[in-house]
Amino acid sequence: MSTPAEHLSAVVRDEGRRVLATLVRTTGSFAVAEDAVSEAVVTALAHWPRSGVPDNPRAWLTTVARNKALDIIRREAGRTAKEREAADLAVLNQNWSESDESSIADDLLRLVFTCCHPTLSVEAQVALSLRTLCGLATSDIARLMLVPEATMSKRLTRAKKKIAAANIPYRVPDSAELPQRLDAVATTVYLMFTAGHLGGETLVRPRLCDEALRLARLLIDLMPDEPSLQGLLALMLFTDSRRATRTDESGGLVRLEDQDRSRWNREAIEEGARLMDSALRRNDSRPSRYTIQAAIAACHSTAATYADTDWSRIVVLYDALAAVENTPIVALNRGVAIGESQGPAAGLDALDAIDSLGGHYLWHACRAVMLDRLDRAEEARNARTTALALDPSPAERAYLRAQLAPSSHPVRQRREET
């Protein structure tokens with residue numbers, strides 16, 4: 001049984017982004033919304049231990065946050081004209097009165113498009129969306145986007161100021177405006193899904209994954225003929241089909257080769273296959289990066305056993321992906337696939353050819369796998385020690401520590417492909 005404070009922490013993590021999205025719509029201000037939600041959380045921490053957690057904690061937080069927003073607007077109005085106070089309060093009350101259940105449910109989609117306005121850089125769009133939509137810490141966003149935390153903090157601050165200065169509207173854009181926002185919105189939804197699988201104290205955060213899947217389906221509803229969105233949802237479904245087997249009973253990481261494939265979600269795999277085939281038919285000459293990644297994920301999801309995985313095809317697909325998105329992470333995954341298909345020496349050579357990931361824990365962890373299989377135990381240990389020092393997620397940190405335990409026999413660790 002969780003304590004009220006623990007329950008509140010879960011609510012803030014899983015529902016707080018919805019509360020924030022609603023407050024951004026009703027106030028028209030990121031700053032007011034964030035301050036109001038923060039004050040609502042403080043109020044809940046003071047009252048819930050005595051009064052108990054409400055039956056509908058999200059509604060409770062939203063109502064309190066709305067009242068806090070009114071207080072904030074009144075405080076600001078006291079420094080300016082009374083007319084401004086009346087106008088701001090009228091807008092807030094009108095927006096709130098129009099907030100039925102369906103509008104609240106779509107606030108996250110509106111927020112994603114607000115964050116992904118083309119006046120912001122793509123990097124800033126994605127970072128701000130992850131901060132507001134997922135409630136991710138700045139350090140987590142920096143880790144996902146491979147930049148220093150200080151750089152990410154400045155990027156977020158600049159993005160919020162630019163939205164306020166440009167008076168960017170809080171809405172889903174017209175159909176003519178959708179294409180120019182497609183890439184950033186799709187990237188945001190996929191990173192939201194990735195954060196649900198790879199971030200936080202637990203390896204998998206189901207509600208975050210479910211929200212990303214819901215948003216991906218809403219995007220397809222908006223643009224039903226867009227093959228990259230079909231590829232995106234296919235990729236997410238293939239990956240999510242393995243959700244129940246990614247952790248053991250204690251929440252520890254379970255490697256792909258050790259997962260019970262009979263527990264994989266066959267409906268999700270079949271839906272993913274249909275979407276991937278449709279995306280390829282619509283754009284088979286230049287498939288999007290998400291469609292290619294979906295094809296890679298399909299190689300894992302459709303293999304009867306780990307030994308049946310077609311690693312040679314995966315290498316070819318990573319070559320195709322590199323032609324579309326030639327990033328260090330793509331090269332890292334390609335190196336892992338080469339190690340599986342051509343042997344650990346070839347895999348280590350491919351990994352060592354990547355000279356830009358020395359500060360990323362995954363590069364060292366993947367090298368450790370190849371070094372283990374080459375019987376270079378001391379070098380493998382040093383690589384894992386370095387990986388631990390480079391801020392992996394809690395679940396991955398626990399796994400690396402287990403590998404370094406004196407009683408632990410080196411095993412073949414493989415990074416799960418997505």
Side-chain angles (χ1 to χ4, degrees), residues 130 133-134 136 140 143-144 186-200 202-217 219-220 227-248 251 253-280 287-304 306 308-311 313-314 317-318 321 325 327 329-330 332-334 336-337 340 362 366 393 395-396 399 414-418:
L130 291 173
L133 281 164
C134 307
L136 293 185
D140 290 335
R143 185 187 299 117
L144 279 171
T187 298
T188 294
V189 172
Y190 181 55
L191 286 178
M192 181 179 183
F193 177 79
T194 301
H197 271 277
L198 298 178
T202 59
L203 187 64
V204 179
R205 287 184 281 181
R207 293 191 184 182
L208 202 54
C209 297
D210 290 340
E211 198 61 68
L213 286 163
R214 189 186 74 87
L215 288 173
R217 294 185 189 280
L219 289 174
I220 289 178
S228 65
L229 293 179
Q230 294 179 329
L232 170 64
L233 183 54
L235 167 61
M236 292 164 63
L237 287 167
F238 282 134
T239 304
D240 200 59
S241 70
R242 307 192 290 270
R243 183 196 298 186
T245 63
R246 286 172 54 82
T247 58
D248 58 24
L253 183 151
V254 178
R255 297 167 297 167
L256 179 60
E257 63 188 281
D258 296 326
Q259 291 176 14
D260 180 359
R261 295 179 180 232
S262 68
R263 296 176 57 208
W264 286 2
N265 186 332
R266 307 313 304 181
E267 290 183 3
I269 292 172
E270 290 167 3
E271 183 184 0
R274 290 193 298 272
L275 285 164
M276 184 184 69
D277 289 344
S278 176
L280 288 171
S288 73
R289 66 182 187 270
Y290 296 118
T291 303
I292 298 171
Q293 287 177 277
I296 294 169
C299 291
H300 296 289
S301 298
T302 59
Y306 188 85
D308 292 328
T309 305
D310 190 346
W311 288 103
R313 174 169 170 74
I314 290 175
L317 288 168
Y318 271 118
L321 183 59
E325 185 181 39
T327 67
I329 292 298
V330 171
L332 177 74
N333 282 296
R334 179 179 178 275
V336 172
E340 296 288 354
L362 272 176
C366 291
S393 70
E396 290 162 322
Y399 186 79
R414 296 180 176 86
R415 183 174 185 269
E416 179 177 342
E417 305 293 335
T418 57

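The structure presented is a predicted model; accordingly, all values stated were derived computationally and were not measured.
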- Show your working on side-chain contact (heavy atoms from CB on, under 4.5 Å) between M236 and V189 and close with a plain yes or no. CA-CA 10 Å; M236 292 164 63; V189 172; 4.1 Å; yes
- Step by step, work out the ring-ring contact (aromatic ring centres under 6.0 Å, His included) result for W264 and H300. CA-CA 11 Å; W264 286 2; H300 296 289; 8.6 Å; no
- Task: Tell me, with the steps shown, if L253 and T247 meet side-chain contact (heavy atoms from CB on, under 4.5 Å).
- Result: CA-CA 5 Å; L253 183 151; T247 58; 6.0 Å; no
- Message: Does S228 form a side-chain contact (heavy atoms from CB on, under 4.5 Å) with T291? I'd like the steps, not just the answer.
- Response: CA-CA 6 Å; S228 65; T291 303; 5.6 Å; no
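In plain terms, the two heavy atoms of C209 and R243 that are nearest each other are CB-NH2, 3.5 Å. The two atoms that bring R261 and A304 nearest to each other are CD-O, 3.5 Å, heavy atoms only. The nearest pair of heavy atoms linking A279 to P227 is CB-O, 3.4 Å. Shortest non-hydrogen contact noted between T309 and C299 is CG2-O, 4.3 Å. Nearest heavy atoms, S241 versus A268: CB-CB, 4.0 Å. Minimum heavy-atom separation, Q259 to V254: NE2-O, 3.3 Å.
Residues in residues 265-277 take part in these side chain to side chain donor-acceptor pair (under 3.5 Å) pairs, two or more places apart or across chains: R217-E271.
The CG atom of N333 lies 8.5 Å from the OG1 atom of T327; values are rounded to the nearest 0.5 Å. A distance of 7.0 Å separates CG in D210 from CG in D240, rounded to the nearest 0.5 Å. If you take CG on L233 and CG on L215, they are separated by 11.5 Å, rounding to the nearest 0.5 Å. One finds the OH atom of Y318 at 11.0 Å from the CD1 atom of I292 (value rounded to the nearest 0.5 Å). Within the model, atoms CD1 of I329 and CG of L321 stand 11.5 Å from one another, a figure rounded to the nearest 0.5 Å. Note that CG of D258 and CG of D248 are 10.5 Å apart. Values are rounded to the nearest 0.5 Å.
Checking Y190 against T239 by side-chain atom types alone, no donor-acceptor pair falls below 3.5 Å.
Contact annotation: the side chain of L280 approaches that of P287 to within less than 4.5 Å [non-hydrogen atoms, C-beta and beyond]. Side-chain contact between F193 and L232: absent, with no pair of heavy atoms (C-beta onward) separated by less than 4.5 Å. With contacts defined as side-chain heavy-atom distances shorter than 4.5 Å, the pair R246/L256 does not qualify. By the 4.5 Å heavy-atom criterion applied to side chains, L237 and I269 are not counted as neighbours. Put simply, the side chain of F238 does not reach to within 4.5 Å of the side chain of Q293, judged on heavy atoms.
Counting heavy atoms of neighbouring residues, nucleotides and ligands inside a 6.0 Å radius, atom CZ of R313 does not exceed 12 of them.
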